[in-house]
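Each chain gets a letter, A, B and so on, in the order its sequence line appears, and its residues count up from 1.
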Amino acid sequence: MSTDSTIPPTAPTNFIHEIIDGHNASGRFGGKVHTRFPPEPNGYLHIGHAKSICLNFGIAKKYGGKCNLRFDDTNPTKEDIEYVNSIQEDVRWLGFEWDGLYYASDYFEQLYQWAELLIEKGKAYVDSSTLDEIREQRGTVTQAGVENQYRSRSVEENLDLFRRMRAGEFPDGAHVLRAKIDMGHANMLLRDPVIYRIRHAHHHRTGDAWCLYPMYDFAHGYSDSIEGITHSICTLEFEIHRPLYDWLIDAVEIYHPQQIEFARLNLTYTVMSKRKLLELVEAKIVDGWDDPRMPTIAGIRRRGYTPAAMRDFCETIGVTRFNGLTDLVVLENAVRNDLNKSAPRVMGVLKPLKIVLTNYPEGQVEEFDCVNNPEDPSAGSRKVPFSRELYIERDDFMEDPPKQFFRLAPGREVRLRWAYVIKCEEAVKDPATGEIVELRCTYDPETKGGNTPDGRKIKSTIHWVSAPHALSTEVRLYSPLFSVEDLASIPESEDWKTYLSPTSLVVIPDAKLEPSVKTQSVGYRCQFERLGYFCLDRDSTGEKLVFNRTVTLKDEWAKIQKKGG
RNA sequence: UGCCUGAUGGUGUAAUGGUAGCACGAGUGACUCUGGAUCACUUGGUCGAGGUUCGAACCCUCGUCGGGCAACCA
């Protein structure tokens, strides 16, 4: 069940809801709805998992049913308790709470008993071939596999061998247990799939109790059956596995859940494979699983995304059987929507350009009342100090501006947000480089608070920070990790990592922020006015704050520039 | 060349035999102390060919194109 109450009961429906409605109408499961989210604890959850989590827990909520969290931990060599913990944290962060918390490893004994039952029924056998032999005998997509001599072992011999496998008498790879189905089947997964292998490995939960571990295909369907799952929802690539789960369940004559497949999420400029994400982490291309550029739940959380935005995104993209490619801007739009309403505004200058108000008294300091969130009157206001020397954004000044630029330029007026209207009198240049190092401006005392009593229109309002009061902070600007839109379009022969974008992280070591943010704590989200939404990173220290840019604001001017250029 | 499966504006999704709608994007304008937000308008689609029907995105047939499947991974 979800702990969240923001999903409206009239939420748009999808084809899975329709199937469930059908089951409820026919009484197939007696009106019961029980789903589960079944990750393998071999990596951190990503946005694609979020889609599955919202789907499964959302269904439980919609139908007044239940949803389990089950770890499919059948491969001890790849799994770790760190992942078990992170997965639970991520599911909760998304706003969901599971009804049952289970592990496939809870079922190892039962699973083993069913394997023996399969042997007794003549439906499984111990194969002593090598890995390569098994592979070779399996055939190809267009060519039937061949049966080997082990396939006809007696029930007694199979049982004896299998029990000795469990007892630890054989080294890894000496034997496997295979389901006896059909070596000529058109669906290659039914060509006597391996269901148990010997692994003398320590399991994060069962320790050294086992040296024999079930394959995922063997454990998964049975686990769903044990838990009384009604709708086993999974991604499209498991569709072809369904006949195998059906065969396995029918072979031991137990309760039969209904598997339903949907298309996994693909995002532009994003890799969504745990294997590849692991590679990025291990190669230290990113700063761990929660690097804000990672599409992991931990990464986007650190980046500043909100659970509500994630849920909204999952709602927006829908659930179908079509394998598409969702534009990253849809995700970005979801956070902007949420943060626009909730994030307090603050002023910060990323690329500072110093200005001096020549007619403003030296040493004078005023405090201006600044609205915290124009979208939310209840957010109130705060005091921000103002003085003779200020920083403005370098991009807000142009010496020789094009027609469409209406910010500051020599001889031009601009409003400093919540403060005064100022006029640029002179641009001071470094004589050596020609670079503009400072602006000499005058302010209009009549415009205190940013108002124009004479009614004149000021075309542009820009943000600023008082130089002597400025808080020097580090700001990390993120853009997509990859430079190609569709990662799937990279041919197998090429290394996908060559498409990593060199500018996915740009660090600004010395941005200038208004002093009010000084006392905020890690995870604090705000809007730097006119720039974007930012989130206080855990790398912050008492001396230096670090902000992550969650997402930029929409930028009409950038669009104009792009068109012009 | 086998099996499974899918196809609706640029992208993602609704419409389940009866007016092709929504979101994002794009464009235009209004408003604005954020070139933000908001509001209005516009653009643009049923993969193709047949068939059934008064009527087809939807049902049938044949194509075309896409995705998945040959770990002792999940």
Colleague: Could you tell me how far apart K559(A) (NZ) and U34(B) (P) are, to the nearest whole angstrom?
Modeller: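 The distance from NZ of K559(A) to P of U34(B) comes to 18 Å, rounded to the nearest Å.
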Colleague: Rounded to the Å, how far apart are D555(A) CG and A37(B) P?
Modeller: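 Answer to the nearest Å: 10 Å.
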Colleague: Measure the distance from CG on L55(A) to P on U13(B) and round it to the nearest whole Å.
Modeller: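 Value for this atom pair: 13 Å.
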Colleague: With sugar-phosphate meaning primed atoms plus P, OP1 and OP2, does Q527(A) contact a base, only sugar-phosphate, or nothing at under 4.0 Å between heavy atoms?
Modeller: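 Touches a base.
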Colleague: Heavy atoms only, 4.0 Å cut-off, all strands: where does R345(A) land among base, sugar-phosphate and nothing?
Modeller: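 Answer is base: heavy atoms of R345(A) come under 4.0 Å of a base.
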Colleague: Give each stem of RNA chain B as a range with a range, requiring at least 3 consecutive Watson-Crick or G-U wobble pairs whose two distances are under 3.5 Å.
Modeller: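 So far as stems of 3 or more pairs are concerned, RNA chain B shows B:2-7 with B:64-69, B:10-13 with B:21-24, B:26-30 with B:38-42, B:47-51 with B:59-63.
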Colleague: Nucleotide by nucleotide, 5' to 3', does protein get under 4.0 Å of the base (B), only the sugar-phosphate (S), or neither (-) in nucleotides 64-74 of chain B, counting heavy atoms?
Modeller: ---SBSBSBSB
Colleague: So do Y44(A) and Y83(A) actually touch side chain to side chain, heavy atoms under 4.5 Å?
Modeller: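 Yes, their side chains come closer than 4.5 Å.
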Colleague: Regarding F405(A), tell me which of base, sugar-phosphate or nothing describes its non-hydrogen contacts under 4.0 Å with the strands shown.
Modeller: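 Since a base atom lies under 4.0 Å of F405(A), the category is base.
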Colleague: Answer yes if the ring centres of W464(A) and Y391(A) are under 6.0 angstrom apart, and no otherwise.
Modeller: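 They do not qualify: ring centres at least 6.0 Å apart.
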Colleague: From G6(B), G12(B), C24(B), pick the nucleotide closest to the side chain of T326(A)?
Modeller: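 Looking only at heavy atoms from C-beta outward on T326(A), the closest nucleotide is G12(B).
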Colleague: Using a 4.0 Å heavy-atom cut-off, does Q404(A) contact any base of the nucleic acid, only the sugar-phosphate backbone, or nothing at all?
Modeller: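 Touches a base.
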